[in-house]
Protein chains: 2
Amino acid sequence: MWVTPLPALLVSSGLTGPAAIPLSMLLVFVSAKLMAEVFERLNQPGIVGEIFAGVLIGPSVFGWLAPGEFLSALADLGAMFLLFRVGLEVKSSELMKVGGTATLVACTGVVVPFVMGWAILLLWGEPSNEAIFVGASMVATSVGITAQVLSAKGLLHLVSSRIILAAAVIDDVLGLLVLAVVSSLTHGKLNILQLVITAFMAVAFTVIVAKWGTHAMERVIPHVERKLRLGESQFVLSMSLLFALSVLAVYIGVAAIVGAFLAGMALAESTGPRVRHLSNGVAELLVPFFLAGIGLHVDLSAFSNWSNALLAMTILAAAIVSKFIGCGLGALGMGKVDALRIGVGMIPRGEVGMVVAQMGLSFGIIRQNIYGIVVFMSVATTIVAPPLIKLAYRGIRPVVRPELAGLPEEEVFRME
Amino acid sequence: MWVTPLPALLVSSGLTGPAAIPLSMLLVFVSAKLMAEVFERLNQPGIVGEIFAGVLIGPSVFGWLAPGEFLSALADLGAMFLLFRVGLEVKSSELMKVGGTATLVACTGVVVPFVMGWAILLLWGEPSNEAIFVGASMVATSVGITAQVLSAKGLLHLVSSRIILAAAVIDDVLGLLVLAVVSSLTHGKLNILQLVITAFMAVAFTVIVAKWGTHAMERVIPHVERKLRLGESQFVLSMSLLFALSVLAVYIGVAAIVGAFLAGMALAESTGPRVRHLSNGVAELLVPFFLAGIGLHVDLSAFSNWSNALLAMTILAAAIVSKFIGCGLGALGMGKVDALRIGVGMIPRGEVGMVVAQMGLSFGIIRQNIYGIVVFMSVATTIVAPPLIKLAYRGIRPVVRPELAGLPEEEVFRME
């Protein structure tokens, strides 16, 4: 830990005083954008630079900032606005069309990582309960990273992108069930009825909003907008739906970002460019906090000794390979090209794995060193995925999809 | 306190769990916009409805939410983006032109409220130190409310609006000095050198940025923008300047919003409509948190007994009258019409008075009941001001200024 004196002084004096808010905004935003610029110049995805900025300013390197209540809240909001923005670009009818493939992708993409994580921990000689929790923490894809890459590169219209988004939503529901099963198993009692209700609620919420949300909003928005005297009433209605569905999603048990995504999708055909402009502004400001926020969580104590480091690297490799193979297998019916893209696109774990590990830690089932390894795996998969997505598209250059034709490859990947 | 069971349950269960963020966003945003709609329909300014929403959902009425770290941070950011957006619409050269009048307005607007507050407390038989602190808490205008009204109604181009903005900035510097003098007097030692340095730094920062900021940005922005590979590089640069000047302002001793306003003004002539669109989005989302956040602080304990209530109403009346007379006197040279507008526009105290009172409370100089009265005065002036501004413009309808000609009065006041 090489803490440079001046900024550390600034931070320590500033983070309790009235400069706390603007100073932490300045540090995170500027460092994220600086690193994005550096990575772009190195011909790497800027998004990785923004995550890496969080690692740099976080506790493991410079120690200028630690993840706190305010920064975590901005990160959550950033993820919500990111998914909301992506939802605005996706038609729910097109997402429903790929539902079958997406369900298959999500299921195989849950089973393979779970089994692999569980098996590795058992082979390593760790307790069975801990192995189950690590397996569970490798299950849930964090769609934010891939969605940001696809959105920034203008690739959301591809079939493979739609499958990734739909599969990530289903994956979140499955992850909820896996977590419910795992945490009741480790407590010794499994309430099947409770589980069925949870599953039913989550599926019903998602399907109802995806299927009828667009139609409902097409009727409600113009009507309410006409009645309101407020300025920017369309934006006000959109934000209200965004927060309402996010809250509902959390109460039902899925992630807030699933609600945000569904809200965006429901509004995709009823809101004008003004709502897109305004919510883009919020996303442009807050997405760096989501990205750098992931990096802030990195804890290099996972590398405190050789045995730990080896396990961390093994788990990371397994996380990458298992999701790639699991989701790729499920998508093989789409052809090898799309299977490859989908497999790579589902790799990032991000905050979801950390939440599972955190729960295991609080139950006393996961030990501190294993927790550190899961956090490392979660962050590292988000850093590894964007270049792999780039690679996945590079490798298949001869098989240019019609949607991409006309766009020089370089352009497609420079847009971010 | 009538706490309805369901929402209270939602809040208490949600504000610790993963729904905390979207739920508090939903509650504040939706209630603010609902009340704004109600007030618009009652032909009252929507901005007052948004403040009132904070009173309603806050501890003094429904008790759904209390001001916490996250909501306070969003409120601070909201105020910063509000002033940044206002700054983007103001040319620094035009602000410098009215510097003389604005300085006079700021000075008389500081002296009259201070003396009045101090005298009332002394006449009420309170200790001299407490009287001095209450006087000091009545000094600083909170420019956010008036800026939002003027901006929403499209009145920022008027000379009187520019004088209000410039006077509010100078007022903040004067408020800093009054606070420094008051807190050293009550501690028994007054460090003149320290005071001169503080004053010099604050004035130098403000004048340098106001005078040369625009020119510097006109040179820097296009140059840096050309070099950057990042997307939305102009927005990234603007946000960086916004946060950097806000931090600098706080370190120098003035409010973060002064830095935000100066940042906007420096960028007014070098950034395109894209930056305005994007930062408008952030402002549209966050300004309701600033407004409702003021209301959240209302503490009706100021009305726990008749003597307190009488003092609270006296202080409120004095706060309104003293600022109106003080600033109006300073602006008499502009003619009665503008003097009236400026006097009314400087009435809101908002968060600044609360900070002073908080400091007095922590020094043990201000007692809890007087603190409650100052908070009441601060919030009530922000609620009283917007209708008074409306009234001030109504009363002078025959003297239509050339800038306003052509705009039907109704339109001007409906735009918000």
Side-chain angles (χ1 to χ4, degrees), chain A residues 10 13-14 17-23 25-27 29-30 33 36-37 40-41 46 68-70 72-74 76-77 80 152 228-233 235-236 239-240 242-251 255-256 259-260 274 277-286 355 414-416, chain B residues 10 13-14 17-23 25-27 29-30 33 36-37 40-41 46 68-70 72-74 76-77 80-81 152 228-233 235-236 239-240 242-247 249-251 255-256 259-260 274 277-286 355 414-416:
Chain A
L10 282 178
S13 70
I21 308 301
L23 184 59
M25 300 290 290
L26 181 70
L27 276 177
F29 189 83
V30 171
K33 290 304 181 181
E37 177 73 19
E40 294 278 352
R41 280 170 189 253
E69 187 189 332
F70 171 59
S72 303
L74 284 193
D76 288 358
L77 282 179
M80 281 164 57
L228 283 182
R229 296 212 188 159
L230 279 175
E232 303 287 5
S233 55
F235 180 71
V236 169
M239 292 297 103
S240 306
L242 161 59
F243 298 132
L245 289 188
S246 303
V247 170
L248 214 55
V250 174
Y251 281 124
R274 181 86 185 144
H277 276 311
L278 294 175
S279 45
N280 251 342
V282 183
E284 284 297 327
L285 177 70
L286 294 183
V355 170
R414 190 86 66 69
M415 267 185 257
E416 197 211 347
Chain B
L10 283 178
S13 70
I21 308 301
L23 184 59
M25 300 290 290
L26 181 71
L27 276 177
F29 190 82
V30 171
K33 290 304 180 180
E37 177 72 20
E40 294 278 351
R41 281 172 187 252
E69 187 188 332
F70 171 59
S72 304
L74 284 193
D76 287 358
L77 281 178
M80 282 164 56
F81 273 90
L228 282 182
R229 296 212 189 160
L230 277 175
E232 303 288 4
S233 57
F235 180 71
V236 169
M239 291 298 102
S240 306
L242 162 59
F243 298 131
L245 289 189
S246 301
V247 170
V250 173
Y251 281 122
R274 181 86 185 143
H277 277 311
L278 294 175
S279 45
N280 251 343
V282 183
E284 285 297 326
L285 177 70
L286 294 184
V355 171
R414 190 86 67 70
M415 264 185 261
E416 196 210 346

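Hydrogens, waters and symmetry mates are skipped; everything else that's a heavy atom, side chains included, is used. None of these values were measured; they are calculated from a predicted model.
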For [X], is it the side chain, the backbone, both, or neither that has a heavy atom closer than 4.5 Å to a heavy atom of chain A?
| X | value |
| --- | --- |
| S240(B) | both |
| E284(B) | both |
| N280(B) | both |
| F70(B) | both |
| R41(B) | both |

With chain A, which of L228(B), L245(B), V30(B), L242(B) has the greatest number of heavy-atom pairs at distances under 4.5 Å? L228(B)

Shorter than 4.5 Å, heavy atoms on both sides: which option in A244(B), A36(B), S233(B) has the most such pairs with chain A? A244(B)

Please name the pair of heavy atoms, one in P22(A) and one in V247(B), separated by the smallest distance, quoted to 0.1 Å. C-CG2, 3.5 Å

Considering all heavy atoms of both residues, which atom of Y251(B) and which atom of L23(A) are nearest to each other, and what is their separation? OH-CD2, 3.5 Å

Are H277(B) and R274(A) packed together at the side-chain level, in the sense that at least one heavy-atom pair is separated by less than 4.5 angstrom? yes

List for me each residue that meets side-chain contact (heavy atoms from CB on, under 4.5 Å) alongside A283(B), sequence neighbours excluded, and say none if there are none. F81(B), R85(B), V287(B)

Is the backbone of R229(B) close enough, under 3.5 Å, to the side chain of E37(A) for a donor and an acceptor to pair up by distance? yes

What distance do [X] atom [atom1] and [Y] atom [atom2] have between them, rounded to the nearest 0.5 Å?
| X | Y | atom1 | atom2 | result |
| --- | --- | --- | --- | --- |
| L230(B) | K33(A) | CG | NZ | 6.0 Å |
| S246(A) | I21(B) | OG | CD1 | 11.5 Å |
| L74(B) | L74(A) | CG | CG | 7.0 Å |

List the steps, then state whether side chain to side chain contact (heavy atoms under 4.5 Å, CB included) holds for L77(A) with M25(B). CA-CA 10 Å; L77(A) 282 179; M25(B) 300 290 290; 3.8 Å; yes

Side chain to side chain contact (heavy atoms under 4.5 Å, CB included) with V282(B): of L285(A), L286(A), L278(A), only one passes, and it is L285(A)

